[in-house]
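Report on one structure; see the data block that follows.
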Amino acid sequence: MLDGIRRAAGMGVFSVLASLAAVTAAAQAGPPGEGIEVVTHPWVVPPPNWSPEAYFTNLKDGVTLESPFVARFGLSMRGIVPAGKTAGTAGHHHLLIDQPLPLDFTKPLPFTEHYIHFGKGQMEAVVNLPPGTYTMRLVLADQGHIPYFVYSKPLKFTVSRQNQGVTAASLQGPPRIEVLSPGDRATVQTPLRVQMHATGFNISHAGPKVPDTGHFRLVLERSGQKAEIIELDGGQTELWLNPPKGDYSARLELMSNTATGNVIARAKTVAFSVR
């Protein structure tokens, strides 16, 4: 039934302390070993839902589309690390098609066409299915494919047509990194979410120094002020920020995890205003 899936590669001291305390409390509230990955910077705050989760950044529940199509993965309050590697509570994505959540979260996820593993640190997949209605969800798992309690809501979608002869490269485009949000020239309020994405590159926590992987670095600049550099070396792919009001320029870079200081890729600069 399944044709297959191709793998793609301004806050005050009190506010800062309150945010850090909230993050700590959220981590302690979860099951043992189910903590969160925190990026250290005064502007970083917890997300509104206070809970780690996976999600699709480019698909909405109930969508109708043609296949093959690209599914992009997002991850909140956790980081990515390839399969077989350990780094805190980071993990790698799994795509479940027409499958419920596991009944036993102590057993590894199977390797079948319904359980697709992205053990290199990929952030997207090309999905190729015949016409029909499906449900899929993301599940984050550890080095041994044992799932964390970190997953997406089920996404129901309908494939109206399956196109033949369409290559993954034609859908994904060239390898690149992007700032998905905020949009260029957007005006936003705080807290604001910064979502990052990599196509054709593998993301990882910097700790294990996995070859052929990188981690994001975000540089925020505003007139007359020192640039703010935020290292997402825990393999994170999103941030929630509470910066001072002003006009910003955001530069996203993908940093090598094996060659210190080496920039693998740079995204198009994004300008936005905080009001």
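Start at 1 with the first residue, then count along the sequence.
- Checked for salt-bridge contact, Lys268 and Glu178 miss the test: no charged N lies under 4.0 Å from a carboxylate O.
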Quiz item: Hey, mind stepping through Ile146 and Lys107 against side-chain contact (heavy atoms from CB on, under 4.5 Å) and telling me if it holds?
Solution: CA-CA 6 Å; Ile146 296 175; Lys107 295 182 179 180; over 6 Å; no
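- Smallest separation of non-hydrogen atoms from Ala198 and Phe201: CB-O, 4.0 Å.
- In terms of heavy-atom proximity, Ala227 sits nearest to Val219 at CB-CG1, 4.1 Å.
- Taking every heavy atom of both residues into account, Lys85 and Val210 meet most closely at CG-CG2, 3.8 Å.
- Contact check for His41 versus Glu228: side-chain heavy atoms found under the 4.5 Å cut-off.
- Here the straight-line distance linking atom CD of Glu66 with atom OG1 of Thr158 works out to 13.0 Å at 0.5 Å rounding.
- Not a single donor-acceptor pair under 3.5 Å links the side chain of Asn257 to the backbone N or O of Pro208.
- Rounding to the nearest 0.5 angstrom, the gap separating the CZ atom in Arg193 from the OG atom in Ser181 is 6.0 Å.
- Asn202 and Thr213 are not linked by any side-chain donor-acceptor pair at a separation below 3.5 angstrom, with hydrogens and angles left out of the test.
- There is a path of hydrophobic side-chain contacts, each under 4.5 Å, that joins Leu109 to Phe149.
- Residues His94 and Phe118 place their aromatic rings such that the two centres sit no closer than 6.0 Å.
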Quiz item: Hey, mind stepping through Phe69 and Val126 against side-chain contact (heavy atoms from CB on, under 4.5 Å) and telling me if it holds?
Solution: CA-CA 6 Å; Phe69 62 89; Val126 173; over 6 Å; no
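- By the rule that hydrophobic residues join a cluster once side-chain heavy atoms approach within less than 4.5 Å of another member, Tyr55 and Val194 end up as members of separate clusters.
- Looking only at side-chain heavy atoms (C-beta outward), Tyr115 and Leu95 stay at 4.5 Å or farther from each other.
- When Glu231, Gln236, His205 are each tested for a side-chain hydrogen bond (donor to acceptor under 3.5 Å, both in side chains) with His215, only one passes: Glu231.
- Side chain of Asp142 to backbone of His145: a donor-acceptor contact under 3.5 angstrom is found.
- A chain of hydrophobic side-chain contacts below 4.5 Å, direct or via other Ile, Leu, Val, Met, Phe, Trp or Tyr residues, connects Val274 to Val179.
- Residues Gly214 and Ile264 approach most closely at CA-CD1, 4.1 Å, considering heavy atoms.
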Quiz item: Does the pair Asn49 and Ser51 meet the rule for a side-chain hydrogen bond (donor to acceptor under 3.5 Å, both in side chains), with working shown?
Solution: CA-CA 5 Å; Asn49 64 2; Ser51 177; 5.7 Å; no
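- For the pair Asp61 (side chain) and Lys156 (backbone), a donor-acceptor distance under 3.5 Å is present.
- Atom CG in Leu218 sits 10.0 Å away from atom CD1 in Ile229 (nearest 0.5 Å).
- Ring centroid separation for the pair Phe105 and Tyr148 does not come in under the 6.0 Å cut-off.
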Quiz item: side-chain contact (heavy atoms from CB on, under 4.5 Å) between Leu65 and Val159: does it pass, once the steps are laid out?
Solution: CA-CA 5 Å; Leu65 36 70; Val159 175; 4.2 Å; yes
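- The shortest side-chain heavy-atom distance between Met77 and Pro47 falls under the 4.5 Å cut-off.
- If you take CE on Met123 and CD1 on Ile203, they are separated by 6.5 Å, rounding to the nearest 0.5 Å.
- If you run side-chain contact (heavy atoms from CB on, under 4.5 Å) between Phe73 and each of Leu138, Thr237, Leu140, only Leu138 comes through.
- Side-chain contact between Leu171 and Pro68: present, with at least one pair of heavy atoms (C-beta onward) separated by less than 4.5 Å.
- By the 4.5 Å heavy-atom criterion applied to side chains, Gln162 and Pro131 are counted as neighbours.
- Annotation: side chain of Leu239 is not in contact with side chain of Phe216 (no heavy-atom distance under 4.5 Å).
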Quiz item: After noting the C-alpha distance and the side-chain angles of Trp240 and Val39, does the key distance pass the side-chain contact (heavy atoms from CB on, under 4.5 Å) rule?
Solution: CA-CA 10 Å; Trp240 284 84; Val39 177; over 6 Å; no
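- When ring centroids are compared, His117 and His93 stay outside the 6.0 Å threshold.
- For the atom pair CZ (Arg222) and NZ (Lys245), the distance works out to 13.0 Å, reported to the nearest 0.5 Å.
- Side-chain contact check for Arg275 versus Val188: every heavy-atom pair is 4.5 Å or farther apart.
- At distances below 3.5 Å, at least one donor-acceptor pair connects side-chain atoms of Asp98 with backbone N or O atoms of Thr135.
- Note on Leu180: it does not cluster hydrophobically with Val270, by side-chain heavy-atom contacts below 4.5 Å among ILVMFWY residues.
- Side-chain atoms of Gln225 never come within 3.5 Å of backbone atoms of Ser223 as a donor-acceptor pair (strictly under, hydrogens ignored).
- Shown here for Val127 and Ala71, the closest heavy-atom pair between the two residues is CG2-CB, 4.3 Å.
- In this structure, the side chain of Thr112 engages the main chain of His114 through a donor-acceptor pair within 3.5 Å.
- Ionic pairing of Arg251 and Glu253 is present here: one or more N-O contacts between side-chain nitrogen and carboxylate oxygen are shorter than 4.0 angstrom.
- The aromatic rings of Tyr248 and Trp43 sit perpendicular to each other, their planes meeting at more than 60°, with 30° as the lower class boundary.
- Judged by distance alone, the side chain of Asn58 and the main-chain N or O of Arg72 form a donor-acceptor pair under 3.5 Å.
- In terms of heavy atoms, Val150 sits closest to Ala54 at CG1-N, 4.0 Å.
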Exercise. Take Glu238 and Ser76 through the side-chain hydrogen bond (donor to acceptor under 3.5 Å, both in side chains) test and state the conclusion after the steps.
Key: CA-CA 6 Å; Glu238 78 159 38; Ser76 178; 3.0 Å; yes
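- At a threshold of 4.5 Å between non-hydrogen side-chain atoms, the residues Tyr151 and Leu101 count as touching.
- Taken to the nearest 0.5 Å, the CG atom of Leu252 stands 4.0 Å off from the CD1 atom of Ile177.
- Using a 4.5 Å cut-off between side-chain heavy atoms of Ile, Leu, Val, Met, Phe, Trp and Tyr, with links allowed through other members, Met196 and Val81 fall into different hydrophobic clusters.
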Practice problem: For Glu124 and Thr199, run side-chain hydrogen bond (donor to acceptor under 3.5 Å, both in side chains): C-alpha distance rounded to whole Å, both residues' side-chain angles, the deciding distance at 0.1 Å, then the answer. | Solution: CA-CA 7 Å; Glu124 65 180 38; Thr199 296; 3.0 Å; yes
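- Remark: Asp247 does not engage Arg185 in a salt bridge, criterion side-chain N to carboxylate O under 4.0 Å.
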